[in-house]
Amino acid sequence: MQITHTIAELRQALAQRGRPAFVPTMGNLHAGHISLLHEAKRHGAVTVASIFVNRLQFLPTEDFDSYPRTWDNDCAQLRAAGCDILFAPREKDLYPEPQLFKVQPDPALADILEGEFRPGFFTGVCTVVMKLFSCVFASTGGGAAIFGWKDYQQLMVIQRMVAQFALPIEIIGVPTARADDGLALSSRNGYLSAAERQQAMALSQALQALAAAARSAPGSLADLEATAMQALRAQGWEPDYLSVRQRHNLLPPAMGELALAPLVVLGAARLGSTRLIDNLEF
Ligand code: PAF
């Protein structure tokens with residue numbers, strides 16, 4: 001695996017290697033990231049992973065400083081998975097001057113769900129992803145980029161960004177990797193204490209229960225969501241939202257659509273000081 005830090009080094013490493021398949025990450029890699037890399041091999045001649053903890057997508061109150069940085073372990077996992085090129089820019093390589101231009105998604109997409117509780121998050125994500133795409137794909141004429149469905153809204157926002165800016169990049173979504181008890185794999189799971197880890201599957205269970213209730217007892221969705229949030233609170237969680245949405249636009253479904261429409265239930269909740277997200281299509 002070739003390790004590159006600057007954009008020039010990356011582009012040199014990519015020269016004459018064929019179509020890149022790119023997996024952007026913030027490091028602290030786990031089996032979910034590695035499944036993205038395995039998928040990448042099916043979509044390109046050369047696999048590229050990036051590790052960059054992007055300050056722009058953290059609120060001042062969030063965990064940017066304490067976000068786990070596990071360089072040696074990340075490199076070992078990427079090597080073992082057969083990654084060809086690692087792009088690990090330092091902050092000065094990616095943001096050599098203050099970022100004066102940002103990619104701001106429409107509030108209809110970006111100020112709901114995660115965006116309601118993390119204002120500016122999707123502007124930070126889109127800005128860095130656009131910049132990383134430019135680093136990887138500008139000299140190759142396009143390629144594929146692989147994201148996990150665990151970050152459901154993020155993946156949707158990026159799909160729209162790529163379509164609306166007509167970027168020659170194929171966006172591939174990979175199903176969420178889960179622990180045996182159903183907990184979605186996430187870098188932030190490492191913050192959980194042993195006792196919290198025992199309770200952590202309650203989030204995915206709450207989403208399953210809400211999905212089943214929405215299909216079988218279509219009453220007021222707001223009531224069903226409130227009941228699901230209350231049940232999670234009773235287990236020691238502090239939910240931000242548990243919400244049933246239409247898959248194609250993440251808006252609430254109309255009553256008549258509950259029985260048949262392709263839906264997704266999304267949730268975000270805090271267990272102790274750890275905020276986790278998950279979702280389930282149904
Ligand atoms: O999902 C992530 O890890 C990040 O949001 C991403 C896409 C790497 C951008 O920083």
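Just follow the structure's listing: the first ligand is 1, and inside any ligand the first atom is 1.
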I'd like the atom pairs linking ligand 1 to the protein - N or O on both sides, separation under 3.5 Å - with distances to 0.1 Å.
{"unit_1": "ligand 1", "atom_1": "1 (O)", "unit_2": "Q154", "atom_2": "NE2", "d": "2.9"}
{"unit_1": "ligand 1", "atom_1": "5 (O)", "unit_2": "Q57", "atom_2": "NE2", "d": "2.9"}
{"unit_1": "ligand 1", "atom_1": "5 (O)", "unit_2": "Q154", "atom_2": "OE1", "d": "2.8"}
{"unit_1": "ligand 1", "atom_1": "10 (O)", "unit_2": "Q57", "atom_2": "OE1", "d": "2.7"}

note = Between the OH atom in Y241 and the CD atom in E116, the distance rounded to the nearest 0.5 Å is 9.5 Å
key: Residue pairs, two or more places apart or on separate chains, that pass salt bridge (Lys or Arg N to Asp or Glu O under 4.0 Å) and touch residues 191-205   = D181-R197
Only distances under 3.5 Å count here; give the side-chain donor-acceptor pairs of residues 157-170 to other protein atoms, sequence neighbours excluded, each with its distance to 0.1 Å.
{"unit_1": "R160", "atom_1": "NH2", "unit_2": "H248", "atom_2": "O", "d": "2.8"}
{"unit_1": "E170", "atom_1": "OE1", "unit_2": "R19", "atom_2": "NH2", "d": "2.5"}

request  = Take E9 and H5, measure what side-chain hydrogen bond (donor to acceptor under 3.5 Å, both in side chains) needs, and give me the verdict at the end.
outcome  = CA-CA 7 Å; E9 283 167 4; H5 294 291; 5.7 Å; no
query = If you group Ile, Leu, Val, Met, Phe, Trp and Tyr whenever their side-chain heavy atoms sit less than 4.5 Å apart, what else falls in with L185?
reply = none
ask   = Quick one: which of T47, L37, I172 gives a side-chain contact (heavy atoms from CB on, under 4.5 Å) with I146?
value = I172
